[in-house]
Amino acid sequence: MKVSEQHTDFFHQVYEIVRLIPTGRVTSYGAIAKVLGTPKSSRMVGWAMNASHQDPTIPAHRVVNRKGLLTGKMHFETPTKMEELLRKEGVIVKDDCVQDFNKVFWDPSEIIQ
DNA sequence: CCATTGACTTAAG
DNA sequence: CCTTAAGCCAATG
């Protein structure tokens, strides 16, 4: 494997997990980072999302911060695209914040078991 | 090469 | 719940 690629293994693993997020559910950057074994590298998850534009199959709108705040909405095609997509999937969004975050939150560690 | 930034999180006060 | 501070590391200037 070549290491001097644009995407590291970390990025690739982030993409895989994000793709596995069920419709109508969301998860956090930290949860993903934790599953990957680097809980302190949640920023890199966010950076991976920023680079995920190269791959449209990645539902980046299902990834929010630990408070359920749509911090990355401004990086979409339009600032409102993220919450529009979430609402379409049944996620209640109020003031850029996911309501009932505890209910819709999806822990990536469930698929690892 | 050094400094700053950023779709973050945790701990402590 | 709010503010600081620290940790994290790729990307950018």
Side-chain angles (χ1 to χ4, degrees):
Chain A
M1 280 292 281
K2 201 176 173 191
V3 292
S4 54
E5 288 285 328
Q6 280 187 337
H7 55 277
T8 60
D9 290 337
F10 181 82
F11 276 46
H12 182 67
Q13 291 178 82
V14 171
Y15 296 149
E16 282 194 20
I17 292 178
V18 174
R19 267 191 274 253
L20 292 171
I21 302 175
T23 303
R25 306 292 291 279
V26 298
T27 192
S28 68
Y29 304 93
I32 296 173
K34 188 172 186 176
V35 170
L36 297 184
T38 55
K40 303 285 184 65
S41 299
S42 48
R43 280 193 145 119
M44 295 304 93
V45 178
W47 195 256
M49 293 292 93
N50 191 36
S52 72
H53 283 291
Q54 62 188 316
D55 193 334
T57 65
I58 301 176
H61 60 280
R62 294 181 187 148
V63 184
V64 297
N65 76 346
R66 74 176 176 88
K67 299 179 234 174
L69 196 62
L70 279 56
T71 50
K73 57 179 293 186
M74 61 182 84
H75 294 271
F76 282 77
E77 305 174 49
T78 65
T80 57
K81 191 68 184 290
M82 190 173 183
E83 63 180 87
E84 286 295 319
L85 287 170
L86 287 174
R87 288 190 177 188
K88 271 193 172 186
E89 298 181 353
V91 179
I92 309 300
V93 179
K94 185 82 173 182
D95 193 28
D96 299 340
C97 191
V98 175
Q99 303 300 293
D100 296 321
F101 184 57
N102 185 49
K103 293 182 182 179
V104 297
F105 178 77
W106 177 76
D107 190 348
S109 64
E110 291 179 4
I111 63 169
I112 298 178
Q113 298 182 0

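Chain A is the first sequence line, chain B the second, and so forth, proteins listed ahead of strands; every chain is numbered from 1. Quick note: numbers below take in every heavy atom, side chains included, and nothing from hydrogens, waters or symmetry partners.
- Judged by distance alone, with hydrogens and angles left aside, the side-chain atoms of A/Arg62 form no donor-acceptor pair with the main-chain N or O of A/Val18 at under 3.5 Å.
- As rounded to whole Å, 12 Å separates atom C1' of C/dA10 from atom CZ of A/Arg43.
- Among the heavy atoms of the strands lying under 4.0 Å from A/Phe76 is at least one base atom, whether or not backbone atoms are also near.
- In this structure, CH2 of A/Trp47 is placed 22 Å from P of C/dG7, rounded to the nearest angstrom.
- Where A/Met44 and A/Lys67 each meet DNA chain C at their nearest nucleotide, the meeting point lying more 5' is that of A/Lys67.
- Residue A/Phe10 contributes atom CZ, which lies 13 Å from atom P of B/dC8 at whole-angstrom precision.
- Residues A/Val98 and A/Leu70 form a side-chain contact, since some pair of their non-hydrogen atoms from C-beta on lies under 4.5 Å apart.
- Separating the CD1 atom of A/Ile32 from the C1' atom of B/dA7 is a distance of 11 Å, rounded to the nearest angstrom.
- At a cut-off of 3.5 angstrom, counting only N and O atoms as typed in the model, there is a donor on one side and an acceptor on the other between the side-chain of A/Ser42 and the base of B/dC8.
- Contacts of A/Asn50 with the nucleic acid, taken as non-hydrogen atoms under 4.0 Å apart, include base atoms.
- Put simply, CG on A/Leu70 is 13 Å from P on B/dA7, counting in whole angstrom units.
- Distance alone, capped at 3.5 Å, is enough to place a donor-acceptor pair between the A/Tyr15 side chain and the A/Ala48 backbone.
- Regarding A/Asp95, its CG atom lies at a distance of 15 Å from the C1' atom of C/dC1, rounded to whole Å.
- Comparing B/dA7 with C/dC2, their C1' atoms are spaced 22 Å from each other, to the whole Å.
- Listed candidates were B/dT9, C/dG7, C/dC9. Nearest to the side chain of A/Ser41 is C/dC9.
- A donor-acceptor contact shorter than 3.5 Å is absent between the side chain of A/Glu83 and the backbone of A/Lys81.
- Look at NZ on A/Lys40: it is 16 Å from P on C/dA10, rounded to the nearest Å.
- Phosphate proximity of B/dC8 to A/Ser28: absent, as no side-chain N or O sits under 4.0 Å from OP1 or OP2.
- Per the geometry, CE belonging to A/Met74 stands 10 Å off P belonging to B/dG6, to the nearest Å.
- Listed for the A/Asp95 side chain is no donor-acceptor partner under 3.5 Å among the backbone atoms of A/Cys97.
- Residue A/Ala60 is in base contact, counting any heavy-atom pair closer than 4.0 Å across all strands shown.
- Here C/dA10 is the nucleotide among C/dC8, B/dA7, C/dA10 with the atom lying nearest to any side-chain atom of A/Phe11.
- Among the heavy atoms of the strands, none lies under 4.0 Å from A/His61.
- Between B/dT9, B/dC8, B/dA7, one nucleotide has an atom nearer to the side chain of A/Arg66 than all others, and that is B/dT9.
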